[in-house]
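Below: one structure, written as structure tokens.
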Protein chains: 2
Amino acid sequence: MNFLEEKIMEDGKINPGNVLKVDNFLNHQIDIDIMRQIAYEFKRRFKGKEVNKVLTIEASGIAIATMLADLYDVPVVFAKKSQTVNSTDDKYVGQAYSFTHKQMNNVFVSRPYLSASDKVLIVDDFLADGEAASALIDIVRQAGGTVTGIGIAIEKGQQKGGKKLREAGFHVESIAIIDDMDYETQNITFRH
Amino acid sequence: MNFLEEKIMEDGKINPGNVLKVDNFLNHQIDIDIMRQIAYEFKRRFKGKEVNKVLTIEASGIAIATMLADLYDVPVVFAKKSQTVNSTDDKYVGQAYSFTHKQMNNVFVSRPYLSASDKVLIVDDFLADGEAASALIDIVRQAGGTVTGIGIAIEKGQQKGGKKLREAGFHVESIAIIDDMDYETQNITFRH
């Protein structure tokens with residue numbers, strides 16, 4: 001098992017309905033050692049790829065994106081889930097269904113922050129049905145930029161997002177891919 | 001002028017209604033050099049203070065909190081603005097009025113992630129009326145923990161948050177305090 005799989009087995013919890021709860025180290029409380037190691041692992045897996053921007057979606061992707069951008073020494077852009085009164089810029093708009101909040105969400109990136117020259121590494125904490133990733137890809141395309149790769153901490157291998165993105169030709173790297181998990185036994189099967 | 005004041009003068013923009021737009025380096029696109037320097041500046045200003053957790057609120061505080069937690073080698077906790085289906089934990093609840101979204105928001109921290117032994121450094125990108133900071137302080141108190149200090153990137157000095165928190169005895173460090181700004185001239189007066 002790699003470091004993230006071990007951490008999931010140690011500190012993750014399977015809740016009813018195949019919900020993996022990792023908010024004690026990944027998306028509510030953040031274990032900074034794990035976050036650092038996730039960033040270094042992405043850097044290694046995307047070695048040789050050109051990256052001049054790291055793109056994620058608020059909120060829990062921001063910590064991973066920030067650590068990774070620190071390694072690449074490039075800016076982060078995080079897509080927003082609501083329009084704020086502070087920005088009058090024109091925006092790229094992507095659409096993503098949130099299974100967590102059970103609703104369709106628009107996600108926004110202000111036009112000045114993505115352009116045709118951008119080589120974008122998309123990162124997020126989770127990949128399930130690929131809704132958020134697809135919205136971000138769509139936004140990069142609207143800007144005329146290039147998606148260099150997609151870095152995911154935890155992929156839910158039983159859901160269709162990873163397959164869909166890989167079949168579409170994207171370089172997807174997921175540090176832990178869960179192929180099966182069981183609430184009764186709290187057992188998790190990782191893909192290797 | 002310090003590094004952040006210079007950056008604000010260079011890249012910030014004053015919109016009508018005294019709205020300072022810094023989303024090209026602070027809260028939508030993130031300039032990683034500035035973020036690093038903000039973290040080091042907080043570390044210097046809170047030198048000697050005991051910190052075992054960095055607390056912020058989603059979303060734009062997360063980048064600052066992550067960089068700072070990396071320096072302190074402690075966990076980040078970020079308060080959430082909505083309850084998610086993934087967490088069945090009991091929660092601390094604070095209340096904050098959002099001037100950006102013009103509504104009262106509950107903010108949540110799951111109980112396991114703050115305790116009476118915690119020495120908490122609260123950080124955020126902006127301090128205006130102190131609504132978010134007060135909600136976070138309230139949550140730390142509910143947990144029985146100690147607020148070690150409050151680190152703010154940009155304080156709007158004309159609004160009451162900073163005064164209120166300092167009068168209440170908190171150690172507040174704001175890297176840039178704006179005492180006046182003018183849409184017509186795009187001029188900004190910093191407090192020194």
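Proteins come first, then strands; the chains are lettered A, B, ... in the order of their sequence lines, and each starts at number 1.
- Annotation: the span from B:Lys13 atom NZ to A:Asp89 atom CG amounts to 7.0 Å, rounded to 0.5 Å.
- In this structure, A:Ile57 is not a member of the same hydrophobic cluster as A:Phe108, with clusters built from ILVMFWY side-chain heavy atoms closer than 4.5 Å.
- Taking hydrophobic clusters as Ile, Leu, Val, Met, Phe, Trp and Tyr residues chained together by side-chain heavy-atom distances below 4.5 Å, B:Leu55 does not share a cluster with B:Val76.
- Of the two parts of B:Tyr72, neither the backbone nor the side chain holds a non-hydrogen atom closer than 4.5 Å to a non-hydrogen atom of chain A.
- Between A:Asp73 and B:Arg36, at least one side-chain nitrogen of the basic residue sits less than 4.0 Å from a carboxylate oxygen of the acidic one, meeting the salt-bridge criterion.
- More than 12 heavy-atom neighbours from other residues, nucleotides or ligands sit within 6.0 angstrom of CZ on B:Arg191.
- Separating the CG atom in A:Asn24 from the OG atom in B:Ser110 is a distance of 10.0 Å, to the nearest 0.5 Å.
- Applying the 6.0 Å contact sphere to OH of A:Tyr97 captures more than 12 heavy atoms from other residues, nucleotides or ligands.
- Of all the listed residues (A:Met35, A:Met67, A:Lys81), the one sharing the greatest number of non-hydrogen pairs under 4.5 Å with chain B is A:Met67.
- Between atom CD of residue B:Glu58 and atom CD1 of residue A:Ile62 there is a gap of 8.5 Å, rounded to the nearest 0.5 Å.
- Tracing side-chain contacts under 4.5 Å through hydrophobic residues (I, L, V, M, F, W, Y), one never reaches A:Ile64 starting from A:Leu127; they form parts of separate clusters.
- At a 4.5 Å heavy-atom cutoff, the contact between A:Val74 and chain B is made by backbone atoms alone.
- Interface remark: of the candidates A:Asp31, A:Ile32, A:Val109, A:Ile32 forms the most heavy-atom pairs closer than 4.5 Å to chain B.
- In this structure, CD1 on A:Ile30 lies 11.5 Å from OH on B:Tyr113, to the nearest 0.5 angstrom.
- Following chains of ILVMFWY side-chain contacts shorter than 4.5 Å, one can reach A:Val107 starting from A:Tyr92, so the two form part of one hydrophobic cluster.
- Residue A:Lys49 qualifies as enclosed at atom NZ: its count of foreign heavy atoms under 6.0 Å is above 12.
- Only the side chain of B:Lys53 comes within less than 4.5 Å of a heavy atom of chain A; its backbone N, CA, C and O stay farther away.
- Between the side chain of B:His28 and the backbone N or O of A:Phe78, at least one donor-acceptor pair lies under 3.5 Å.
- There is no contact between A:Phe25 and chain B, counting heavy-atom distances below 4.5 Å.
- Most heavy-atom pairs under 4.5 Å with chain A: of the set B:Val77, B:Thr66, B:Asp70, this distinction falls to B:Asp70.
- Atom CD of A:Gln103 sits in a crowded spot, with more than 12 heavy atoms from other residues, nucleotides or ligands closer than 6.0 Å.
- Under a hydrophobic-cluster definition in which Ile, Leu, Val, Met, Phe, Trp and Tyr are linked whenever side-chain heavy atoms come within less than 4.5 Å, directly or via other members, A:Val54 and A:Ile137 are assigned to different clusters.
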